Amino acid sequence: MEGSRFISRDPSSFETLSRLLSMDRFATFIRAAGGSHERALRLYAWNIEISSAFWGSFHILEASLRNALHQELTKMANQEDWWNARLPLHTQTMKDVHTAVALATQKHKKSLTIGHVVAELNLACWSGMLANRYQKSLWEGSLIYAFPHYTGRRGALHDDLERLRMLRNRIAHHEPIFERNLALDHDMLCGLLGYIEPEATAWVKKHSQVSAIIGMKEGRLSGELESSF
């Protein structure tokens, strides 16, 4: 196509990367590319590119979420180390807390702070606090206030967060995400963040490259555009 820039073919790249990363890892991409090794390699690069783009949005969501929930738990317990209060926390939540305390203590030793512990609590722990078992004990009258711009059911909020948590885990483990509805995923992420603070959502949308990279997918796969990560 005149005026378009196509990437030169480099069959050795697929041979090298498939050897280093394993053919099992590439199998999903080869199937999606209709058996074309070139297109599979481009899809692999785009999968890395879009995965990288999501991290910025997850950064803001996770930090905002944990701080908002921590603030409400602190109010409920009347102390910042709410895990040491008599809150009705289930066994798994307490296991997550003990793990976080141990990791924070190991990293910071004598300079340990409450913030260090809160930062070590994983997304599964925070999501778990929005589960059915905490409807009466934590949600009503406490954690609901972490989402001042939300008027829906707790269950729907939890479902959205779990969907995003699974996406986050796939990205963290370098798994394929290209078959997902990634535009919907990002809209859901921004929506969840907006329930905490709409201005944060506006800031993420202004800076995020997710939508742009999704829009360039076909150009990346055809070879007209080259992925960058």
Side-chain angles (χ1 to χ4, degrees), residues 50-51 53-77 80-85 87-104 114-177 179-198 200-201 204 208 210:
I50 191 64
S51 296
F54 261 96
W55 275 127
S57 300
F58 271 115
H59 174 131
I60 304 301
L61 174 63
E62 287 192 59
S64 299
L65 177 70
R66 73 191 184 204
N67 288 337
L69 293 175
H70 170 63
Q71 181 177 349
E72 296 307 321
L73 290 166
T74 295
K75 291 177 183 177
M76 187 179 187
E80 282 194 303
D81 58 335
W82 42 264
W83 49 88
N84 289 325
L87 295 185
L89 302 178
H90 287 255
T91 302
Q92 184 56 55
T93 303
M94 288 308 302
K95 285 182 179 178
D96 291 338
V97 169
H98 291 322
T99 298
V101 170
L103 288 172
I114 297 296
H116 292 146
V117 175
V118 172
E120 289 294 343
L121 286 167
N122 58 38
L123 188 56
C125 180
W126 297 116
S127 178
M129 292 184 188
L130 303 180
N132 291 340
R133 62 189 180 187
Y134 285 127
Q135 172 73 29
K136 295 290 184 181
S137 57
L138 294 185
W139 176 255
E140 296 179 5
S142 181
L143 298 189
I144 188 173
Y145 298 115
F147 307 93
H149 304 279
Y150 183 66
T151 57
R153 297 181 299 106
R154 174 205 47 75
L157 189 70
H158 178 253
D159 289 346
D160 287 354
L161 184 54
E162 276 297 289
R163 176 188 171 106
L164 292 172
R165 185 178 71 82
M166 296 303 292
L167 170 61
R168 182 203 182 283
N169 287 350
R170 289 195 68 81
I171 293 173
H173 290 93
H174 317 304
E175 297 293 336
I177 64 169
E179 293 180 313
R180 296 176 60 103
N181 186 337
L182 294 172
L184 176 62
D185 285 326
H186 200 249
D187 284 346
M188 188 176 292
L189 189 158
C190 289
L192 186 54
L193 179 60
Y195 299 146
I196 301 171
E197 176 49 70
T201 293
V204 165
S208 174
V210 169

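These numbers come from a predicted model, not from an experiment.
Contact annotation: the side chain of His70 never approaches that of Leu121 to less than 4.5 Å [non-hydrogen atoms, C-beta and beyond]. Taking the side chain as every heavy atom from C-beta outward, Leu161 and Leu65 approach each other to under 4.5 Å. Side-chain contact between Arg163 and Leu192 is absent, with no heavy-atom pair separated by less than 4.5 Å. Glu197 has its side chain out of reach of Ser64: every pair of non-hydrogen atoms, C-beta onward, lies at least 4.5 Å apart. Put simply, the side chain of Trp83 reaches to within 4.5 Å of the side chain of Val118, judged on heavy atoms.
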- Task: Give the C-alpha distance, both sets of side-chain angles, the deciding distance and a yes or no for side-chain contact (heavy atoms from CB on, under 4.5 Å) between Gln71 and Asn67.
- Result: CA-CA 6 Å; Gln71 181 177 349; Asn67 288 337; over 6 Å; no

Problem - Audit row: Thr93, Arg133, side-chain contact (heavy atoms from CB on, under 4.5 Å) steps and yes/no - result: CA-CA 11 Å; Thr93 303; Arg133 62 189 180 187; 4.0 Å; yes

CA sep, side-chain torsions, deciding dist, call: Phe58, Leu164, side-chain contact (heavy atoms from CB on, under 4.5 Å): CA-CA 9 Å; Phe58 271 115; Leu164 292 172; 4.1 Å; yes

Let's go through Asp185 and Leu182 carefully: what are the C-alpha distance in whole Å and the side-chain angles of both, what is the deciding distance for side-chain contact (heavy atoms from CB on, under 4.5 Å) to 0.1 Å, and is it a yes or a no?
CA-CA 5 Å; Asp185 285 326; Leu182 294 172; 3.6 Å; yes

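One finds the CZ atom of Arg153 at 11.0 Å from the CH2 atom of Trp139 (value rounded to the nearest 0.5 Å). Distance check, rounded to the nearest 0.5 Å: CG of Asp81 to CD1 of Ile114 gives 4.5 Å. The CG atom of Leu69 sits 8.5 Å away from atom CH2 of Trp82, with the distance rounded to the nearest 0.5 Å. The distance from atom CD of Glu179 to atom CG of Asn181, rounded to the nearest 0.5 Å, is 12.5 Å. Atom CE of Met188 is separated from atom CG of Asp160 by 4.0 Å, given to the nearest 0.5 angstrom. Of the inter-residue distances, the one linking Leu193 atom CG with Phe147 atom CZ reads 10.5 Å to the nearest 0.5 angstrom.
Judged by distance alone, the side chains of Gln92 and Asp96 do bring a donor and an acceptor atom under 3.5 Å apart. Under 3.5 Å, the side chains of Glu162 and Ser127 contain a donor-acceptor pair of N or O atoms.
Heavy atoms of other residues, nucleotides or ligands lying less than 6.0 angstrom from CE of Met166 number 12 at most. Taking a 6.0 Å sphere around NE2 of His149, one finds it holds more than 12 heavy atoms contributed by other residues, nucleotides or ligands.
Judged by distance alone, with hydrogens and angles left aside, the side-chain atoms of Arg154 form a donor-acceptor pair with the main-chain N or O of Leu130 at under 3.5 Å. In this structure a side-chain-to-backbone donor-acceptor pair under 3.5 Å is missing from Tyr195 to Pro198. With hydrogens and angles ignored, the 3.5 Å screen pairs a side-chain donor or acceptor of His173 with a backbone N or O of Asn169. Thr201 contributes a side-chain N or O that, together with a main-chain N or O of Cys190, makes up a donor-acceptor pair within less than 3.5 Å.
Under the 30°/60° scheme for interplanar angles, the aromatic rings of Tyr134 and His90 are found to stand perpendicular.
Residue Leu143 forms a side chain to side chain contact (heavy atoms under 4.5 Å, CB included) with just one option from Met129, Met76, Gln135, and that option is Met129.
Pairing each heavy atom of Leu189 with each of Phe54, the nearest pair is CD1-CD2, 4.5 Å. Closest heavy-atom contact between Ile196 and Ala68: CG2-CB, 4.1 Å. Closest approach of Ala119 to Arg66, counting heavy atoms only: O-NH1, 3.7 Å.
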